[in-house]
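Just below is one structure, and these are the notes that go with it.
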Amino acid sequence: MSKTILVTGGAGFIGSNFVPYFATKYPEYKVINLDKLTYAGNLDNLKECENMSNYHFIQGDICDEALIEKLFAENDIRGVIHFAAESHVDNSIKGPRAFINTNIVGTFNLLEAARKHWMIAPNQYKPDYEGCRFHHISTDEVYGTLGDNGMFEETTPYAPNSPYSASKASSDFLVRAYHHTFGMNVTTSNCSNNYGPKQHNEKLIPHIISKALAKQPLPVYGKGLNIRDWLYVLDHCKAIDLIYHKGKAGETYNVGGRNERNNITIVNTICSILDEKRPRDDGKKYAELITYVQDRAGHDFRYAIDATKLENELGWKAEETFDTGIIKTVEWYLNK
C-alpha cells in the first residue's frame, strides 16, 4: 500500500532539493510538502514536482496545532521528515522570537500530532503503525564552536551559542524525549553547512555570487578566517533518505562533507570560477571586490563534523568534494 509521508519546509533550500529526489525515487509514497512560504521558501524551486501524481503541496505553518492535527487525520500520515526551521543566524540575532516559535513549538506540535496518530500508549504503537518514523533535521551549530583541532561527534556535549542554535538544540532534545519517554521511532541528523542549487541569497555562497555579478563589494566577516565544513546539498538529501529508511530508532547521525574551508578561501574560489566562466567586462578580477566587514556577534570560529558513524553503520559517503560541488553550484546560479 502507498504510504503518506509529511515533509515540512519542503520549499526551503534543502527541502526543495530533497522533495524532487525523494518523490522520484519512491513513487509508491505520497509526499505531502507543508511549507509556510516565508521569505526563505520558494515554490519555483519545486517546478519539477508540479506534474508528479504522488506529490501534493499545502501552504501552512507548523505552529498551527489544529492544522497539523487535521493533516495527520485526513491524510493518515505514516512518516515525517522535518526540515521546517528558521535557520539564518544573523536573523536570530535581530529577531529571536520567530526561532523559538518555529523551531521549538513547531517541532513539539509535529511530535505530539505524530504520537497521537501513531500510538496508543507509551511504547505501544497502534496495529499497522509500527513502521511510522519521525526524522528530524538539525545542525552542527548545536555543538558550539571548535578550536583549531577536533571534530563534532554524536557524543559531543551541546553548547549552542546563538538564539538559532539554542532553538535547534531545544528541538533536538524534544525529539530525544519523545523516544525515551514514549518509545516513538525517531531519528535525528545534524549536518554541517550545506551549499548547492536553490539556496537563498542571504547565505554566504549565493550572496557572494550575486554581489560579484553585480560588481558590488563582497562582504567578508572579520578576517575571513572562520572555518566551516561544507556539504553538497544532494549528498545531504541522500544521507537523510538513508537514515530515514535504515537508521536505528533513537539514534543521531552526523552528516558532514569532510570539506573544511575558511570563508576567505570560499570567496576567492568563487571569484576565480567567475573569472573563468563570466569574466568582468572591465578586465578586472572579481577578488578586487572583497571587503572586510565587522564580525558577527558571537561568531563561532570553526565547525567540523565527523561523519564516521553514518559512513560505517549505514554506508553513506559524500559524492561531491568541495572543488566539484562549488563548480556545479556556481554554474547553476549563472544559468539562473
Side-chain angles (χ1 to χ4, degrees), residues 1-10 12 14-34 46 48-49 52-56 71-72 75-85 107 110-111 113-115 117-119 123 125-139 154 171-172 175-176 178-179 182-192 194 196 231-257 305 307-320:
M1 71 170 238
S2 99
K3 277 204 313 193
T4 302
I5 311 280
L6 176 66
V7 177
T8 69
I14 304 171
S16 65
N17 279 279
F18 178 79
V19 168
Y21 163 80
F22 195 72
T24 303
K25 185 173 174 184
Y26 300 103
E28 70 275 20
Y29 291 166
K30 182 183 175 195
V31 179
I32 294 180
N33 173 15
L34 173 70
L46 290 157
E48 62 262 59
C49 297
M52 296 173 81
S53 58
N54 66 329
Y55 169 76
H56 184 58
L71 272 180
F72 271 81
N75 300 283
D76 188 21
I77 284 161
R78 301 291 183 107
V80 175
I81 299 177
H82 175 37
F83 291 96
T107 301
L110 290 162
L111 286 164
R115 181 180 72 83
H117 191 69
W118 298 343
M119 305 182 78
N123 300 302
Y125 271 78
K126 294 177 184 172
D128 195 37
Y129 282 79
E130 296 84 4
C132 296
R133 165 165 281 181
F134 189 109
H135 179 68
H136 174 60
I137 287 110
S138 190
T139 170
E154 288 81 0
S171 65
D172 294 7
V175 173
R176 176 191 164 88
Y178 269 67
H179 177 69
F182 301 113
M184 189 188 275
N185 178 353
V186 304
T187 46
T188 296
S189 54
N190 295 75
C191 67
S192 55
N194 279 228
L231 174 66
Y232 190 67
V233 66
L234 196 56
D235 281 330
H236 185 201
C237 294
K238 291 171 182 173
I240 292 164
D241 173 21
L242 197 58
I243 296 164
Y244 178 74
H245 286 103
K246 303 266 171 66
K248 193 168 159 235
E251 293 290 313
T252 291
Y253 297 88
N254 279 351
V255 191
I305 279 261
T308 303
K309 178 178 172 180
L310 178 62
E311 291 163 349
N312 290 352
E313 291 185 15
L314 301 183
W316 176 84
K317 195 172 183 307
E319 291 170 30
E320 299 289 343

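These numbers come from a predicted model, not from an experiment. Numbering starts at 1 and runs along the sequence shown. Scope of the values below: all heavy atoms of this structure, side chains included, with no hydrogens, waters or symmetry mates.
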Sub-4.5 Å side-chain heavy-atom contact between [X] and [Y]:
X: Tyr55; Y: Leu46; result: yes
X: Thr187; Y: Arg133; result: yes
X: Arg176; Y: Thr188; result: no
X: Ile5; Y: Phe22; result: yes
X: Asn75; Y: Lys30; result: yes
X: Val255; Y: Ile305; result: no

Requested in this report: Any chance you could lay out the side-chain hydrogen bond (donor to acceptor under 3.5 Å, both in side chains) test for Ser171 and His136, step after step, and finish with the verdict?
Outcome: CA-CA 9 Å; Ser171 65; His136 174 60; 3.2 Å; yes
Report task. Ignoring hydrogens and angles, state whether a donor on the side chain of Asp172 or Asn190 is under 3.5 Å from an acceptor on the partner side chain. Result ->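 Note: Asp172 and Asn190 side chains meet the donor-acceptor criterion.
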Requested in this report: Classify the side-chain pair Asn54/Tyr26 by whether it contains a donor and acceptor separated by less than 3.5 Å.
Outcome: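 The criterion, which ignores hydrogens and geometry beyond distance, is not satisfied for Tyr26 and Asn54.
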Query raised in the report: Parallel under 30°, tilted from 30 to 60°, perpendicular over 60°: which one fits the rings of His245 and Tyr29?
Result: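 Ring orientation, 0 to 90° scale: parallel.
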Query raised in the report: Should the pair Arg78-Asp76 be classified as a salt bridge under the 4.0 Å nitrogen-to-oxygen rule?
Result: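 Yes.
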Query raised in the report: Is Glu313 paired with Lys248 through a side-chain N to carboxylate O contact shorter than 4.0 Å?
Result: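 No, this pair does not count.
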Which pair of non-hydrogen atoms, one from [X] and one from [Y], has the smallest distance, and what is that distance?
X: Leu231; Y: Ser192; result: CB-OG, 3.6 Å
X: Ser189; Y: Ile240; result: OG-CG1, 4.4 Å
X: Ile77; Y: Leu71; result: CD1-O, 3.5 Å
X: Lys317; Y: Asp235; result: O-OD1, 4.5 Å
X: Tyr244; Y: Val80; result: CE1-O, 4.1 Å
X: Tyr21; Y: Cys237; result: CE2-O, 4.0 Å

Can you tell me how far apart [atom1] ([X]) and [atom2] ([Y]) are? Round to the nearest 0.5 Å.
X: Arg115; Y: Leu110; atom1: CZ; atom2: CG; value: 14.0 Å
X: Tyr253; Y: Lys246; atom1: OH; atom2: NZ; value: 11.5 Å
X: Asn33; Y: Ile81; atom1: CG; atom2: CD1; value: 11.5 Å
X: Phe83; Y: Leu34; atom1: CZ; atom2: CG; value: 13.0 Å

Query raised in the report: Would the Tyr125 and Tyr129 ring centres measure less than 6.0 Å apart?
Result: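 Judged by ring-centre distance (under 6.0 Å), Tyr125 and Tyr129 do not meet the cut-off.
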Query raised in the report: Is the Phe134-Tyr178 ring centre distance short of 6.0 angstrom?
Result: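 Judged by ring-centre distance (under 6.0 Å), Phe134 and Tyr178 do not meet the cut-off.
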Query raised in the report: Under 3.5 Å, side chain of Lys238 to main-chain N/O of Trp316, donor-acceptor pair present?
Result: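 No: the side chain of Lys238 does not pair with the backbone of Trp316.
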**Report entry** Intermediate values then yes/no, side-chain contact (heavy atoms from CB on, under 4.5 Å), His82 and Thr107
**Finding:** CA-CA 8 Å; His82 175 37; Thr107 301; 2.9 Å; yes
Report task. May I have the step-by-step check of side-chain contact (heavy atoms from CB on, under 4.5 Å) for Asn185 and Glu130, ending in yes or no? Result -> CA-CA 8 Å; Asn185 178 353; Glu130 296 84 4; over 6 Å; no
Requested in this report: Show your reasoning for whether side-chain contact (heavy atoms from CB on, under 4.5 Å) applies to His236 and Asn17.
Outcome: CA-CA 9 Å; His236 185 201; Asn17 279 279; over 6 Å; no
